There are 2 protein chains.
Amino acid sequence: MSAVKEEGTEHRILEAAQRVFTRKGMAGARMQEVADEAGINKALLHYYFRDKQRLFEGVFKGGAEKQFGCIWDSLKGREHLFEAIEAFVAAYIDRMVENPQLPLFIANELNRDPEGLRAFIDRGMESRQLFLKLVADARERGEIIDIDPRELLVNIMAMCAHPFIARPMITHIHGITDEAFRRMIIKRRKTVPEFIIRSIRA
Amino acid sequence: MSAVKEEGTEHRILEAAQRVFTRKGMAGARMQEVADEAGINKALLHYYFRDKQRLFEGVFKGGAEKQFGCIWDSLKGREHLFEAIEAFVAAYIDRMVENPQLPLFIANELNRDPEGLRAFIDRGMESRQLFLKLVADARERGEIIDIDPRELLVNIMAMCAHPFIARPMITHIHGITDEAFRRMIIKRRKTVPEFIIRSIRA
DNA sequence: GTCTATATGTAGATAGAC
DNA sequence: GTCTATCTACATATAGAC
């Protein structure tokens with residue numbers, strides 16, 4: 001029983017911490033709130049994760065890093081640019097739907113400590129190379145116009161991530177409910193790749 | 001001299017506070033840091049702005065709200081969609097260049113307290129209406145394809161704001177310097193409207 | 001492994017001299 | 001208007017019982 005319980009508690013802590021950290025950010029998060037949400041007390045938090053920084057890293061390694069990793073992985077093995085874009089956008093949006101606070105959380109922590117999360121970013125390097133190659137190939141075949149591939153990647157990620165980052169602004173200014181927002185996001189799995197490909201097709 | 005000095009100090013405080021708040025967010029910002037950066041001490045901060053919350057509001061009213069306001073204003077008086085998009089993107093990027101931390105700051109505070117900043121968002125309502133009308137007109141004239149105008153607006157804002165929000169990620173993953181980043185942003189004043197218009201042109 | 005109680009540090013805010 | 005010194009509150013972290 002003890003082994004099971006240990007895993008169970010640690011897991012509950014990590015899930016609670018992920019929620020609190022992504023809601024409030026590193027600075028705004030309270031250990032007490034994490035403890036409450038995990039159904040334990042503060043002391044036990046420190047028992048499992050010596051201090052706040054290590055708890056944060058525990059969340060990041062297990063959660064955010066893995067989620068973003070599998071977005072990049074969606075590019076692996078693709079041979080055609082358009083197909084790669086569709087897969088990437090779908091993977092990106094699906095992960096964000098699972099954890100809508102993630103993009104803002106990442107943006108904040110990357111801004112707070114750019115060096116600390118270098119390993120996280122580096123995970124995407126290989127896929128970035130593949131993406132650049134797919135763009136170059138498509139360009140050579142005359143399928144797309146001449147465009148800076150780095151800018152293209154920025155645009156793609158912008159259209160995937162931004163709705164989640166600016167969600168309160170979007171729902172308010174367009175006067176839509178959370179449910180309507182969700183439907184809009186689902187639609188974007190299709191409309192975003194279309195939007196991008198229309199723009200770059202030769 | 002005293003009147004001048006009062007204005008001078010209050011102004012220096014607001015500028016310092018804007019920098020610290022946008023760097024660290026509301027929760028992460030320290031009154032001490034604001035005081036240091038303004039070249040005064042904490043007590044004087046509280047003399048000018050009773051507490052942290054009011055200091056925050058002082059910064060927001062005078063700075064962020066005004067800056068975003070003039071982005072929306074760039075749409076006023078436009079009669080053609082493409083021209084409006086070009087003006088909007090240029091205004092958006094120019095304001096962000098002046099204050100690169102602003103988008104992340106806004107995103108955070110909107111997320112923290114959606115109701116509190118309602119007035120801020122509402123400032124854009126009028127221009128939003130105009131934008132929707134310009135899209136409808138262009139659609140009627142058969143100049144653009146059939147697209148959800150709200151999604152279009154989301155895409156435009158995404159491409160303007162996201163580079164600033166994800167800046168550490170972009171510079172690191174593409175291995176570019178801050179100077180190269182700046183050049184990329186300047187280029188985007190032109191390339192983003194082109195990208196968008198290519199995508200929606202009938 | 002989990003709790004209660006407590007120590008320690010720090011940030012926001014005030015008092016009061018000049 | 002500006003400062004030094006101080007109070008208070010709260011968050012992180014630890015000690016120690018069970």
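It should be emphasised that the depicted structure is a prediction, and the values quoted were computed from it without experimental measurement. A, B, ... follow the sequence lines: proteins, then strands. Residue 1 opens every chain.
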Would you indicate, yes or no, if D:dG1 has its OP1 or OP2 atom less than 4.0 angstrom from a side-chain nitrogen or oxygen of B:T9? no
Regarding A:A27, tell me which of base, sugar-phosphate or nothing describes its non-hydrogen contacts under 4.0 Å with the strands shown. nothing
B:E33 CD to C:dT10 P: how many Å, rounded? 15 Å
Side chains of A:E83 and A:L134: closer than 4.5 Å at any heavy-atom pair? no
Does D:dC3 have OP1 or OP2 sitting under 4.0 Å from an N or O in the side chain of B:N41? yes
Closest to the A:Y48 side chain: C:dG1, C:dC3, D:dT14? C:dG1
Taking the side chain of B:R30 as its heavy atoms from C-beta onward, which of D:dT12, C:dG12, D:dC3 lies nearest to it? C:dG12
Starting from C1' on C:dA7, measure out to CG on A:D51 and report it in whole angstrom. 17 Å
In whole Å, I'd like the distance from the CZ atom of A:R50 to the C1' atom of D:dA15. 13 Å
Report which part of the nucleic acid A:A35 touches: base, sugar-phosphate, or nothing (heavy-atom distance under 4.0 Å, all strands). nothing
What nucleotide among D:dT2, D:dA13, D:dT4 has an atom nearest to a side-chain atom of B:A43? D:dT4
Do A:R19 and A:E37 meet the salt-bridge criterion of a basic N to acidic O distance under 4.0 Å? yes
B:H46 has a side chain; which of D:dT2, C:dG1, C:dG12 sits nearest to it? C:dG12
Quick one: are the ring centres of B:F56 and B:F105 less than 6.0 Å apart? yes
Provide, to the nearest angstrom, the distance between the CG atom belonging to A:L44 and the P atom belonging to C:dT2. 5 Å
Strictly below 4.0 Å: does B:Y47 bring a side-chain N or O up to OP1 or OP2 of C:dA13? no
Whole-Å distance separating the NZ atom of B:K24 from the P atom of C:dA11: 10 Å
To the nearest angstrom, the NZ-C1' distance between A:K42 and D:dT14 comes to 11 Å
Heavy atoms of other groups near A:E79 CD, more than 12 under 6.0 Å: no
Does the ring of B:F181 carry A:R150 above it, NZ/CZ under 6.0 angstrom from centre and within 45° of its axis? no
Measure the distance from CD1 on B:I13 to C1' on D:dC3 and round it to the nearest whole Å. 13 Å
Round to a whole Å and report the spacing from CE of B:M31 to P of C:dA13. 6 Å
